[in-house]
Amino acid sequence: MNLATPTADQANRFLRTLHAEDGLGVAVLMPHRGQRTLTVYSLQELAGFLQLPDFSTVIESGYQTSINYVSTRNMVGWISDVLGDAELGEALKTLTEDGRAFGELVADMKSLLNDRVAQCLEVLKLAATDTSDD
Amino acid sequence: MADGFAGKVIKVDLTTKRVDVVDTDPYKAWGGGHGVGSALFWEMCEDKTIDAFDPGNVVTITPGRFSATLAPSAARTEVQGLGPQGYPTEWFTRSNFGGRWGGMLRLAGYDSVAVVGKADTPVWIDIQDGKIEIRDASETGDALWGLDTFETQKRVWDILDTEGGEWRTGQSRDAGRTLQRAAILTIGAAGESITRNAALVHDGGSGAGQGGFGGVWGSKNLKAISVIGTGSVEVADAAALMDTRLWLKREYMNDTDNPAPPIPATWAATLSARPSTGGSAFGPGRPEACMSCHKSCHGKRVISGLAPGSHCDDAWYSHSANMYAASQGEPPFGSALAGEISDRATELLQRLGLNSYMLVAMLTWLHNLHEKGLVGPGKLIETDLFETATYGTYEFAETFLNRATYRQEIGEDLAEGPARMAMKYGRYEEDTATGDLILQEWGWAHHYDARTEVEWGYGSLFTSRDCNDHDFNWVAYWMPSAYALYGVPNPVSAEKLSEIVTSKMMPYTDIDLDYSDEGIYSDSMVKLVSWHRAYSNYFKQSLGLCDWAYSDFINLGRDDLSGATPEVETRFVKSITGSDESFEEGITKGKRIGNLDRAIWVLQGRHRDQEVFTEYNYSLPAAPGFLPAEIPYILPVKVDGKWSYKDTSGRVLDRERLEDFKTRYYEFEGWDPVTGWPTKATLEELDLGFVADALGAAERLGGVS
């Protein structure tokens, strides 16, 4: 999925680390050990959080496994409304509404997030180069 | 005839330094473990309304009756007494640990150790077969006081090696010979500081955390109990016991010669032979198992070597460490940096002897309030905790743990546990409503969700603690949720699951495993919760069967998909104890134990009005602590006669319907629906007339207006 190249201002905004109550709630689901809640405060943290062992690994691991979970609905809302990246939010919304299960979506969601992060970093790198040239 | 009991009970009065060894006979009807512990507490704790740190509190440590036999996954030991963790009342409660301590005690010839009183100076108890000695743990004696839990165990081993020789060759197999080192149960500095979050620790990571019994030991000046047993536990029919093991191997994948059976056995059958990896979240691990268990749930880290034997405790800080590592540009999960932080933090937690689960609740709460600007220098909760080190680093964990242990700075508050600390700052009501403080009932941290997986919540509410019984949790929540999250068809339909599981819940009939909005308040759920309490009280907590292996409901290796419960329990009972006791009779024994416990709570002041969840369970339609994210909670439901697996997250409990459920539950249990107190008829039917007399004398007998 292609996302439009952000401006330097947008890139800074999309990559910023949010404060306190603006974070996105995520959860680590664990067999026998309960559910642990966490908050992510940036796009990079969210992209990092989104990783999942494949199903066979979950089966093989028994009690030692865990599943990193985020509500896709809340994630889309957070990215669009709190982080302010409506285009990425829309792209994720489209992705997550195709009927696939969460575990089947994670790799694609992560890829999209990483693409956006890479785009932003590239834009900021170019901007920094331009500034130094001045 | 041999009946699986070791035969003796040790009673220790630390005030008088008196040790009595009595026959187990008067306690045998209670089965072992939990039942025997409750009976000993009832008998020995003269005033059950005292505080947990009162010298009159009695702590019992009682292995399950199957410990040190060939029964697999049966090495659990119960710890009971008044627990300082409970809120608002320090209820009589229980904890439970594995490892080899319980088996060792039984090999030494004892079924329980019951401790009352308070020593005037620090002591430890040294049990070596028939020799029992209360020894000086102070600086001028064996110098155990002040050592951490690992140092304490090493010091005791050194002492015993020096005194008795490293190799105990003995006279014969059952007379003084063992290659084992002493099994030691000890407290760390958190217990010595008499905190409410202190655990009892054994070996690397087996521990009784919940309840706060480490603090109780500290209040009694009891540092450790060490035991070496060189005898054996005689069973009624060794051949039948072996036959049962072979039957499990043949029929239920309990094949320890083949730890990697063709189907994913851990997932498919709790009693299968597949080890649960025993590793660390951050790298390879070497499995470590409890005595007589093949499952190897504990893990020894082969790289760091830290916190050997920890499992659940690993989770206490790993997620914080992961998030910190991600902020430093490391891979967000499983990085070497996060692993180092987490392993070191867990090692320190174990050494200090702290209860990880309550610390997580407290740390999460403080972090939430810090984010809201209520924690920090000059703030409502005055502390520089979050300014001293960065959250997620080892330095932060070290500061937090040391303060909670040594009562430094904010540590005086931390030592009181989250509920009491929140009350002190006027935050309890609001923060348990918003979910910032994730205490579900009785001051216990949310573990699994009372709003969705109600048998967990009800079972906790009607007792004294987070129930921590995974029987239904595994097959009804975790397996369906994982399958659904991955989009993989569940090989056991919701209807089939209900059919199999409820067919095993004798003596009750007409039960559905239905977690629908109607099902959670149904008469069927009344019976399910009652059965679950009784099963756990007896088969797991008294006989010592591990909660992570029993009950065995589902087995995907069989054509009928049906696990070994209830046949496996009755086979073991018959071969080990010699009794023809039926499964239904076992459930009745579980009810008897539950009623004795309830009578103690009633004497402590328990009333129906107190049996309510914290506010978030009624009003917050999501998992606590991270609104508005919703955790998927996929459970079997039956709606309009049709079965399916459905995500029940987002549900809240209806206060009125729950109250109605309570009324029917009390009536089903034979308790007064107005007060929740057991009636005379119920107690007498369970051969608890002496309990009825005590409740009557206290004017707390149900059904008496």
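Because only heavy atoms are used, hydrogens play no part in the values below, and waters and symmetry mates are left out as well, while side chains stay in. Since the structure is predicted, the reported quantities are computational estimates derived from the model, not experimental observations.
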> Side chain, backbone, both or neither: which part of B:A445 has a non-hydrogen atom closer than 4.5 Å to chain A?
Replying inline: neither
>> Less than 4.5 Å to any heavy atom of chain B: does that hold for the side chain of A:V106, its backbone, both, or neither?
In response: neither
>> Using heavy-atom distances under 4.5 Å, tell me whether B:H370 contacts chain A through its side chain, its backbone, both, or neither.
In response: neither
> Has the side chain of B:T648 got a donor or acceptor atom that lies under 3.5 Å from a matching backbone atom of B:Y633?
Replying inline: yes
>> Given B:W456, which partner from the list B:N473, B:D469, B:D466 fulfils the side-chain hydrogen bond (donor to acceptor under 3.5 Å, both in side chains) test?
In response: B:D466
> For the rings on B:Y477 and B:F472, is their centre-to-centre separation under 6.0 Å?
Replying inline: no
> Just checking, any donor-acceptor pair under 3.5 angstrom between side chains of A:D9 and A:T7?
Replying inline: no
